Structures are given as C-alpha cells and as structure tokens.
Student: 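Below is a structure I'd like to ask you about.
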Amino acid sequence: MNEAPGNVRLVGGEMLLWSDMADMSGGVTDWRGAALELIRRMVPASGKVLLVGPHPQTVVDEVIAQAGLTGEESAAPAGLAEDETVLTPLAGRVAVLVRSYPDACALAERHSALDVFCGRLEAFAADEPYDLVLALDGLLRTHSAEAPAASWAESLDALSALVAPGGRLVLGVHNDLGVDRLLEARPADRDGGDDQWAPHGFDPSYPSGPGALDAALESAGLSVQRCYAAYPSRHAPRALLAREALAFDLPDALAFPLSARDGDRMLVADPLRLTRLVFRHRLGEELAPAWLAVTVRPPLLTKERDDADAEERAYTALPLGLVQEGGTLYELTHTGLRQLPDGGERPIPAGRVLEEILVEACAREDTATVRELLTALADWVEDGGDPAAAADSLVYDGVRFAPIGDLQGPPAPPDPRIVLCRILLRFAVRLQAAGHHHPWPWPLDADELTLTLCGMAGRSCDPGDLDRARKLDAELGQPAEPAGHAPTYRDLLGARDRLADQLAAALARIARLETKLSYRERELVRARGKLRRTQRKATAYRRTLGYRLSRRLARPRRVARKVIRLLSG
C-alpha cells in the first residue's frame with residue numbers, strides 16, 4: 001500500500017484494494033446538470049459540508065467551487081496586483097467520507113484542502129456536525145466488506161447524527177420498483193458484480209415508496225423540505241421534479257424528455273410510451289427511478305425566530321423542478337420553463353405527441369384522420385416549421401404543431417418536401433419496429449410505407465427524396481434507423497407474434513389447398529377409371545356383329561349422299 005496523502009484519515013473499515021469509481025457503469029449515479037444546480041443553491045455561505053459515499057468528480061468539484069466562493073482571502077501570488085485576492089476553500093469546511101482507499105487517495109491528491117475520511121459510515125465519528133451533508137448515491141456504498149452491513153435504517157441514523165441543528169441532509173434513494181427497472185430485461189443488481197457481496201432487496205427497513213421514505217426520515221429526526229423524483233434513470237438522472245409538480249398532469253411536452261432510452265441495455269418495452277403512461281396515471285413519484293430527499297434537522301429551541309424564517313426562505317428557494325435538455329438547463333415554474341442561468345421563461349406547449357395520435361389512428365385503421373393529420377403537418381412544414389422536428393418530438397393540440405424542446409436545425413434550410421419525407425420516414429421506421437398495427441399491407445418496407453404516407457399528405461416523393469431525407473437525418477445526428485439500439489423485448493415478442501400469425505395464415509391456406517388438391521386428385525382418379533371402363537365397353541361394342549354390319553351398310557349411303565351433293569353443286 002502506498003503512503004496516503006496528508007489529508008487522508010482512516011476511520012476503520014476501509015477497503016484497501018477496492019474502488020467504487022473505477023467503473024462508473026457499476027451503478028454509481030452520474031448526477032449531472034440538474035443535481036449540480038440544486039447543490040449550488042444549497043451550499044451554505046458559511047458552514048461545513050460533508051459528502052458521504054462515492055460521487056462523480058463533477059459533484060465534488062462543484063461543492064469545492066461553491067465553498068471557494070466563501071473562503072478566506074489568501075495572499076496574492078506573483079503576477080496579481082496587491083488589491084487582488086484569491087478565494088480558496090477553507091480547510092476543514094469540505095470533507096468527504098468514502099470506503100475505498102484508492103478513491104480517497106485520488107480525491108486527496110486532486111484537492112489538497114479537502115478533508116478525506118476513509119472507512120465505513122458506522123465507524124466515522126465527526127468532531128462536530130455538518131451544516132450540509134450530501135449522500136446523493138444513497139447508503140448502499142457506505143458499508144464495508146470488512147464488517148457485516150448495517151440495515152438501511154441504521155445507516156440513516158448514523159448519517160442523520162452528522163447533521164447539525166438547522167443543517168440539511170440531501171439523500172438519494174434508488175427505487176426498487178422504478179419505471180427504469182420495469183423496463184430493463186436484465187436488472188443491474190442481478191449481474192453478479194464484484195460489489196454485490198450483500199444481496200439487495202432483503203432489507204425490510206429499505207423504503208418501499210415515498211411515504212415510507214418520509215416516515216423513515218422523520219423517525220431519524222429530519223424534516224422533509226422537498227422530495228424530488230429523478231428521471232429518466234437512476235444511472236444518469238437529467239431531471240428532478242418535486243412531488244408538488246407531479247401531483248398534476250404533466251404535459252406530454254415535458255414528459256417526453258423524461259423518457260429517453262438507454263441504448264446500451266436490453267429493454268422490455270418502449271420507454272417513451274411507458275413513462276408517459278406513468279405520468280398520465282399520476283404515478284410519477286411512486287415509480288420514479290430514484291428519489292432525492294432534501295431534509296433539514298430542526299434547529300434548537302434556544303435559537304431565535306430568525307432561524308425559522310431563514311429555513312422558510314430556503315424552502316421557497318428550492319426549485320419546483322429542474323430539467324436538462326442537451327446542454328441547456330431549465331427550471332420548472334408554475335407557468336412554464338425558465339432557462340438557466342438568466343434566460344427567459346417560455347410556456348410549455350400543450351397537446352399530445354403527434355406520433356401517439358398517428359399510432360392510435362393507425363390502430364383503428366382510421367385513414368381519414370391519418371390523411372387529415374399528415375396534410376396539416378405538410379402545411380406546417382411548408383409554412384416554416386422546424387426542420388429538425390419529428391413525429392416523436394412534436395405536439396399537436398388540434399390547431400397547431402409545436403416542437404418539444406430546443407431543436408438544432410441544419411445550417412441551411414432544406415427543401416420542405418425533404419423535411420416532410422424525413423419526418424414520415426422516421427415515423428414509418430418506428431411504426432414497423434414497434435410492431436404497431438396499421439391499415440397498409442404488411443409486406444411494405446419502410447421506404448414504401450413512407451412514399452404511401454407522403455401520398456396521403458398530398459405531396460409527391462420519390463426514392464431520391466428518401467436518400468436526401470436520410471442525409472438530413474445524418475446532419476442532424478438523428479438517424480431514422482437506430483441501428484445501435486437493440487429492439488425491446490416486447491417489440492421482439494410483437495414481431496414474433498406477427499410472424500407467427502402470418503405463418504399460421506399461410507399454413508392454413510396451404511392446408512386448404514392441399515385438401516382441395518387431394519379432392520381433385522381423387523375426382524381425377526375416379527374420372528380416369530370411369531373413362532377406362534367406358535373405353536373397354538366401346539371396344540367390346542365395336543367387336544360385335546351388329547356394329548360391323550351397320551358400319552358396312554352405312555358406307556354406300558354416305559357415298560351416294562356425297563355424289564348427289566357434288567352433282568347438285
């Protein structure tokens with residue numbers, strides 16, 4: 001074992017040859033822009049911060065950067081004017097507790113002013129409580145293989161004891177019945193990884209839902225300020241929505257970014273459709289992939305009323321929701337979405353996703369509705385519609401179309417016919433890949449179906465337009481044929497059932513034809529036997545004396561009739 005840096009302290013139960021951060025795909029939550037923005041708003045102006053468990057490097061850097069904004073002034077180094085100062089993090093203001101010795105050494109070398117404690121949570125005894133404790137990855141990675149794992153409730157009690165009166169605890173909890181777990185055909189906690197020496201799912205104290213989580217936090221002496229639902233997955237959440245926001249119907253334009261597909265895993269069903277159903281039935285909090293609870297320990301009774309007023313102001317400062325779309329971060333308000341940090345606010349467009357309306361009409365074989373929608377779509381594209389839009393990123397309220405999010409179009413505006421052809425090509429590919437029913441012949445491939453849809457929209461397209469539409473997809477980085485994504489398990493089942501139905505119909509037709517052929521063959525055999533019997537009777541009749549006499553007596557009469565016809569003619 002190499003010598004540890006001076007700011008690393010071993011507390012007991014440390015894992016000397018183990019690293020939680022060596023492979024981020026092992027399950028450590030990759031908190032991104034939404035969580036970073038929430039952390040920025042909660043780092044105290046003065047006080048101590050503790051990070052418990054493994055966190056992405058961006059989270060650690062963000063906490064230290066926010067602490068540096070309120071640090072002590074240090075002497076100006078060479079090259080700076082005397083009146084210029086450098087703000088550095090206060091020593092002891094930010095601390096980290098991890099169980100992995102290599103991770104602790106890496107953090108200590110990266111940040112020399114950081115206090116790094118290495119060991120298990122139950123063995124950690126702080127000199128004094130902290131004003132902000134962050135455990136965004138939860139409590140499962142605070143145990144050590146060197147000792148029996150404590151229950152979740154016991155770990156929560158040990159964690160809550162580190163929070164100072166009036167201080168905050170931000171705790172991440174994975175949902176065992178989250179929508180992402182319902183989508184995965186191979187759950188991550190059943191892969192048999194090296195870190196799964198203690199099987200998860202057998203702890204009765206682990207919270208089974210938002211209500212159980214609130215009860216556990218309250219029993220630990222903490223008050224829940226806000227509980228956020230993290231979407232679209234527990235591995236890389238990009239959106240945090242408070243339960244106050246999930247109590248109402250979320251518009252499809254907001255639910256669409258919360259159901260992005262994870263392309264490197266085998267899925268059971270279409271995540272877009274299943275996630276929208278979750279929000280439509282107001283189960284967004286119960287079936288969230290993860291929860292992020294912001295709690296506070298009540299201040300001491302001896303403190304003044306100003307502490308309670310400050311706590312109330314802090315609660316109102318917590319955002320209602322944070323949504324990241326690409327590289328842009330939005331804050332959810334009661335009236336729409338506000339771009340951060342200083343962007344304007346825009347309303348959330350109303351209406352249903354166009355693809356869902358078209359799929360529903362195709363399932364009913366309502367070609368009139370399909371023709372009406374496609375004609376309106378073609379008019380919208382020709383009137384200057386967004387060239388980067390698609391049927392799965394447009395909402396329609398019955399009057400107008402609106403794109404979901406900020407779409408990045410091509411540098412040069414393309415031909416509207418090519419834009420329409422691209423939209424319909426993407427829809428045709430997704431329609432057939434998902435195995436949805438439609439009123440057109442099944443042998444049609446995606447290109448032929450696209451040309452049919454263009455014709456229904458009243459616009460003529462040819463195979464050359466399809467090639468240009470694919471090139472436009474490549475420019476936008478949105479290929480119509482997502483070859484990198486494996487089909488979902490339900491898609492495979494749907495395709496198998498569809499092929500089984502077609503095979504059953506073909507086999508039934510073959511059986512009918514074989515029955516008819518057997519009947520015809522038997523009829524032919526009977527006809528041939530009857531013909532042979534008739535031929536034998538005719539042959540026997542020709543051999544009789546009467547037949548031969550009648551044939552000889554009939555010859556002179558025929559000759560006489562021919563002579564008379566010649567003489568008279």
Side-chain angles (χ1 to χ4, degrees), residues 4-11 14 19-21 28-75 85-121 123-139 141-142 158-172 222 292-297 314 317:
N7 53 340
V8 174
R9 305 178 189 176
L10 306 182
V11 300
E14 55 275 354
S19 174
D20 287 309
M21 305 302 296
V28 177
T29 305
D30 184 16
W31 295 99
R32 302 185 183 184
L36 296 179
E37 176 63 25
L38 188 64
I39 291 173
R40 293 188 192 103
R41 302 188 183 191
M42 289 190 299
V43 173
S46 60
K48 300 180 66 177
V49 182
L50 173 66
L51 291 91
V52 178
H55 288 82
Q57 192 61 54
T58 53
V59 174
V60 180
D61 294 344
E62 184 63 33
V63 172
I64 293 178
Q66 293 299 315
L69 295 177
T70 57
E72 293 181 339
E73 295 182 357
S74 61
T85 58
V86 178
L87 297 178
T88 59
L90 290 172
R93 277 206 56 219
V94 182
V96 175
L97 172 63
V98 293
R99 65 182 180 179
S100 168
Y101 180 77
D103 295 345
C105 294
L107 285 172
E109 292 175 357
R110 182 179 177 89
H111 303 286
S112 58
L114 185 66
D115 285 341
V116 181
F117 300 93
C118 181
R120 57 190 179 94
L121 174 60
F124 176 62
D127 297 335
E128 57 182 355
Y130 292 85
D131 299 287
L132 177 62
V133 178
L134 300 176
L136 304 187
D137 191 62
L139 300 175
R141 290 180 178 82
T142 60
L159 185 65
S160 63
L162 302 176
V163 184
R168 277 177 169 168
L169 167 65
V170 184
L171 177 63
L222 303 170
L292 198 63
V294 181
T295 65
V296 62
R297 179 176 290 280

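Since we're looking at a predicted model, the values are computed, not measured.
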Student: Write down the atom of L97, the atom of G119, and the distance for their closest heavy-atom approach.
Tutor: CD1-O, 3.9 Å
Student: Got L10 and C118 here, is their nearest side-chain heavy-atom distance under 4.5 Å?
Tutor: yes
Student: Does D137 use its side chain to pair, donor to acceptor, with the backbone of H55 at less than 3.5 Å?
Tutor: no
Student: Quick check: closest heavy atoms across V8 and A108, and the distance to 0.1 Å?
Tutor: CG2-CB, 3.3 Å
Student: Between T142 and L159, is any pair of side-chain heavy atoms under 4.5 Å apart?
Tutor: no
Student: Could you go step by step and tell me if L134 and R168 meet the side chain to side chain contact (heavy atoms under 4.5 Å, CB included) rule?
Tutor: CA-CA 8 Å; L134 300 176; R168 277 177 169 168; over 6 Å; no
Student: Does any N or O in the side chain of D103 come within less than 3.5 Å of the main-chain N or O of D20, such that one atom is a donor and the other an acceptor?
Tutor: yes
Student: Looking at L136, is its backbone amide N or carbonyl O close enough to the side chain of W31 to form a donor-acceptor pair, meaning the two atoms are under 3.5 Å apart?
Tutor: yes
Student: Would you sort out whether M21 and S100 count as a side chain to side chain contact (heavy atoms under 4.5 Å, CB included), showing the intermediate values?
Tutor: CA-CA 9 Å; M21 305 302 296; S100 168; over 6 Å; no
Student: Out of the candidates R120, E14, R141, only one should pair with R99 under the side-chain contact (heavy atoms from CB on, under 4.5 Å) rule; please name it.
Tutor: R141
Student: Test your reading of the model: is there a side-chain donor-acceptor pair from R93 to the backbone of G47, 3.5 Å cut-off?
Tutor: yes
Student: For residues Q66 and I39, determine if any side-chain heavy atom of one lies less than 4.5 Å from a side-chain heavy atom of the other.
Tutor: no
Student: Where is the tightest heavy-atom contact between L222 and S160, given as atom of each residue plus distance?
Tutor: CD1-CB, 3.9 Å
Student: Run the numbers on D61 and H111 for side chain to side chain contact (heavy atoms under 4.5 Å, CB included), then give the verdict.
Tutor: CA-CA 9 Å; D61 294 344; H111 303 286; 2.8 Å; yes
Student: A side-chain contact here means heavy atoms from C-beta on lying under 4.5 Å apart; do L121 and L162 qualify?
Tutor: yes
Student: What are the two closest non-hydrogen atoms of A161 and R297, and how far apart are they?
Tutor: N-NH2, 4.0 Å
Student: Under the salt bridge (charged side-chain N to carboxylate O under 4.0 Å, His left out) rule, collect the residues that match up with R9, sequence neighbours excluded.
Tutor: none
Student: Give, for atom SG of C105 and atom CG of N7, the distance between the pair rounded to the nearest 0.5 Å.
Tutor: 9.0 Å
Student: Under a 4.5 Å cut-off applied to non-hydrogen side-chain atoms, are L139 and L171 in contact?
Tutor: yes
Student: Does any N or O in the side chain of D131 come within less than 3.5 Å of the main-chain N or O of K48, such that one atom is a donor and the other an acceptor?
Tutor: yes
Student: Which heavy-atom pair separates V98 from G53 by the least distance, and what is that distance?
Tutor: CG1-O, 3.8 Å
Student: So which atom in A104 and which in V116 form the shortest heavy-atom distance, rounded to 0.1 Å?
Tutor: CB-CG1, 3.5 Å
Student: Side chain to side chain contact (heavy atoms under 4.5 Å, CB included), that's the test. Do L51 and V94 meet it? Break it down for me.
Tutor: CA-CA 8 Å; L51 291 91; V94 182; 4.1 Å; yes
Student: CE/M42 to CD/E37 distance, rounded to the nearest 0.5 angstrom?
Tutor: 10.5 Å
